[in-house]
Amino acid sequence: MNDRIWLSSYPEGVPADIDTTAYRSLVALMEESFRKYADRPAYSFMGKDISYARTDSLSQAMAAYLQGLGLAKGDRVAIMMPNVPQYPVAVAAILRAGMVVVNVNPLYTPRELEHQLKDSGAKAIFIIENFASTLEQCIDATPVKHVVLCAMGDQLGLLKGSLVNYVVRNVKKMVPAYSLPQAVRYNEAIARGTRATFRKPETSGDDVAVLQYTGGTTGVSKGAVLLHRNIIANVIQSEVWNQPVMARVPTGEQPTGVCALPLYHIFAFTVGMMLSMRTGGKLILIPNPRDLPAVLKELSQHTIHSFPAVNTLFNGLANHPDFNTVNWKNLKISVGGGTAVQGAVAKLWLEKTGCPICEGYGLSETSPSASCNPTTSTEYTGTIGVPLPSTWMKLLDDDGHEVIEPGQPGEIAIKGPQVMAGYWQRPDETAKVMTADGYFKTGDIGVMDARGYFKIVDRKKDMILVSGFNVYPNEVEDVVTACPGVLECAAVGVPDAKSGEAVKLVIIRKDPSLTEAQVRDFCKANMTGYKQPKLIEFRTELPKTPVGKILRRELRDKKAA
């Protein structure tokens, strides 16, 4: 399909294509903003602002520190932290040193962390002390030689920082005991880097910027290779897409966004942090979005213009008694991503804020945004919108041929400058998802209407989507079959009012005395929270094909026995 019928649905002023050569690298984008917006606050965290100029000097010092460790261009450096100001500083430092960011979920178990550090070949890691004990349990099995240890209060100044760290460590007891003798504290690393000389490497759009890990159909997490030019393209695509409503921000008012989604998630990384950097915005960093009273208290201190979030967060906030302590009148755009936004939630959000949720769609492999509803929409459409500028989307049948008839389902395939270079060191996996003409096959089944709007109707792969996070049944099953007393098991997704979907686990026991509590404890030790089963059911047999393949669909359709 060469005629992009969706272009007629674009709001006025949104171009059909973007300039993909606007920046040589993400470093050029960031350094332009450091110069242009030096005096503006770049981040706001726990009541303290950190300026663009300060982010510039801190990240350059940290880049010099990384180079001083003997790390070279192209080396991978992991970041395992919540949304704290050290995160964007670490990202800028790693990229400025010509290295590759490896985003890590801070809630990973030692098993999950070990796999990602080994697979990426990360030689260094930035980690917040709250999760240091997880690293301690697996570091010897990984290539990591250098640890930069961060604390919640590192960038809050001596008095406030010390108080925050005391509360986190001693009152809330959020830092389990650990021993990482090779670790260097964040502020010490900055001090050493300040005394060192930073040597700026040559970085181009074809260099790798980020390894963004995503589940695999085999259950093994794979790194989507995102080049500098992939993320630059997605930042500019998002900027021009938001322009019709962001243009309404009064002159002289700094665009302000909420970063409540975790920065290790590509949605927050690109559409939160990098887009805010490009537009000279202020980003409000929310370290724990589950603490709704704290989120609302923080937001009540600011004028907010943009709010990317997942359905669960929109729902939780809109139903919270403190919701109206925040002034939502300046909100220009609410982007829903990660998972389907529910109609009832969209309706409530619009009623309470006057700002409709524009649902978008994307994947780690597409940096992430591929499509979105026009930001000028006045109501919830129940679709994933239309492809972004410079993006092509089509539907494929099981034989790989394009589905032409409007309303006919097919697998969504995406082509555009934001599509990844492939999976890290897995050419076989890359070949499975890329077509000969450069489209990425998503595994999602969709339909397209006559106006070019796409809607997801099913999933080709057995992936489960929990609050915007991918859970792969194979991984859950691999972990649980290692639990003593389990003969075999199957994991499926079931509808869940709060998280969209939840994991249901059906188990055949080898040991009749095996209890649900034992299974839950085992899952907790080996899988991060969102992957753990919400429902556990014991049966005597699993439905299978004649060749012995478990029929997951049948388990999904069957009501719990």
Side-chain angles (χ1 to χ4, degrees), residues 1-6 214-222 224 339-340 360-366 368 370-371 382-388 391-416 418-423 426-465 470-477 490-495 500-501 542-558:
M1 183 205 311
N2 293 321
D3 54 327
R4 294 181 277 172
I5 61 170
W6 49 78
T214 180
T217 43
T218 54
V220 177
S221 185
K222 309 182 296 280
T339 180
Y361 171 70
L363 307 97
S364 298
E365 292 90 341
T366 56
S371 71
T383 73
I384 55 168
V386 294
L388 294 180
T391 305
W392 278 257
M393 279 168 50
K394 62 182 179 181
L395 303 173
L396 302 173
D397 64 19
D398 288 342
D399 298 321
H401 301 306
E402 188 174 353
V403 174
I404 304 294
E405 288 294 305
Q408 277 292 102
E411 181 177 4
I412 297 173
I414 302 165
K415 184 178 184 176
Q418 71 273 49
V419 174
M420 68 168 181
Y423 291 118
R426 292 179 196 269
D428 51 332
E429 292 285 330
T430 304
K432 285 179 197 168
V433 297
M434 297 305 296
T435 65
D437 57 348
Y439 279 81
F440 166 70
K441 295 190 288 186
T442 63
D444 287 315
I445 306 297
V447 292
M448 185 184 81
D449 68 16
R451 300 171 306 149
Y453 277 74
F454 284 77
K455 185 181 173 85
I456 293 175
V457 293
D458 199 4
R459 211 166 288 132
K460 192 170 182 178
K461 43 195 185 210
D462 288 316
M463 190 178 76
I464 304 161
L465 211 50
N470 297 352
V471 179
Y472 289 83
N474 291 21
E475 183 190 4
V476 177
E477 291 162 5
V492 294
V494 291
E501 279 188 302
L542 292 171
K544 290 177 182 171
T545 64
V547 293
K549 191 169 182 259
I550 295 168
L551 291 165
R552 290 202 186 104
R553 190 172 286 274
E554 213 169 289
L555 288 173
R556 274 200 297 270
D557 297 343
K558 237 178 206 175

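All residue numbers in this chain count up from 1 along the given sequence.
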Nearest 0.5 Å please: distance from the [atom1] atom of [X] over to the [atom2] atom of [Y].
X      : Y      : atom1 : atom2 : value
Ile414 : Met393 : CD1   : CE    : 5.5 Å
Tyr361 : Phe454 : OH    : CZ    : 10.0 Å
Asn470 : Ser221 : CG    : OG    : 9.5 Å
Glu365 : Met420 : CD    : CE    : 5.0 Å
Thr435 : Phe440 : OG1   : CZ    : 11.0 Å
Met463 : Tyr472 : CE    : OH    : 5.0 Å

Donor-acceptor contact below 3.5 Å, side chain [X] vs main chain [Y]:
X      : Y      : value
Glu411 : Ile445 : no
Thr366 : Gly362 : no
Ser364 : Thr214 : no
Glu477 : Ala491 : yes
Glu554 : Pro543 : no
Asp3   : Ile5   : no

Within 45° cone and under 6.0 Å: Arg451 NZ/CZ vs Trp6 ring
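No, a cation-pi geometry is absent between Arg451 and Trp6.
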Taking all non-hydrogen atoms of both residues, which atom of [X] and which atom of [Y] are closest, and how far apart?
X      : Y      : value
Gly410 : Val403 : CA-CG2, 4.2 Å
Asn474 : Arg552 : OD1-NH2, 2.6 Å
Ile412 : Thr442 : O-OG1, 2.8 Å
Lys432 : Lys441 : O-CE, 3.3 Å
Ile464 : Pro473 : CD1-CG, 4.1 Å
Leu395 : Met448 : CD1-N, 3.7 Å

The criterion is salt bridge (Lys or Arg N to Asp or Glu O under 4.0 Å); which residues satisfy it with Asp437, sequence neighbours excluded?
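Expected list: Lys394.
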Quick check: do Ile384 and Ser371 have side-chain heavy atoms less than 4.5 Å from each other?
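Sidechains of Ser371 and Ile384: in contact.
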Taking the side chain as every heavy atom from C-beta outward, state whether Thr391 and Gln418 have any atom pair closer than 4.5 Å.
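SC-SC contact between Thr391 and Gln418 confirmed.
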Show your reasoning for whether side chain to side chain contact (heavy atoms under 4.5 Å, CB included) applies to Tyr439 and Met434.
CA-CA 6 Å; Tyr439 279 81; Met434 297 305 296; over 6 Å; no
Those residues that, when tested against Asp399, pass side chain to side chain contact (heavy atoms under 4.5 Å, CB included) (two or more places apart):
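Per chain and number, Asp399 pairs via side chain to side chain contact (heavy atoms under 4.5 Å, CB included) with Asp397, His401.
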Is it true that Tyr423 and Asp428 share a donor-acceptor pair across their side chains at a distance under 3.5 Å?
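Their side chains do not contain a donor-acceptor pair, so the 3.5 Å distance test is not met.
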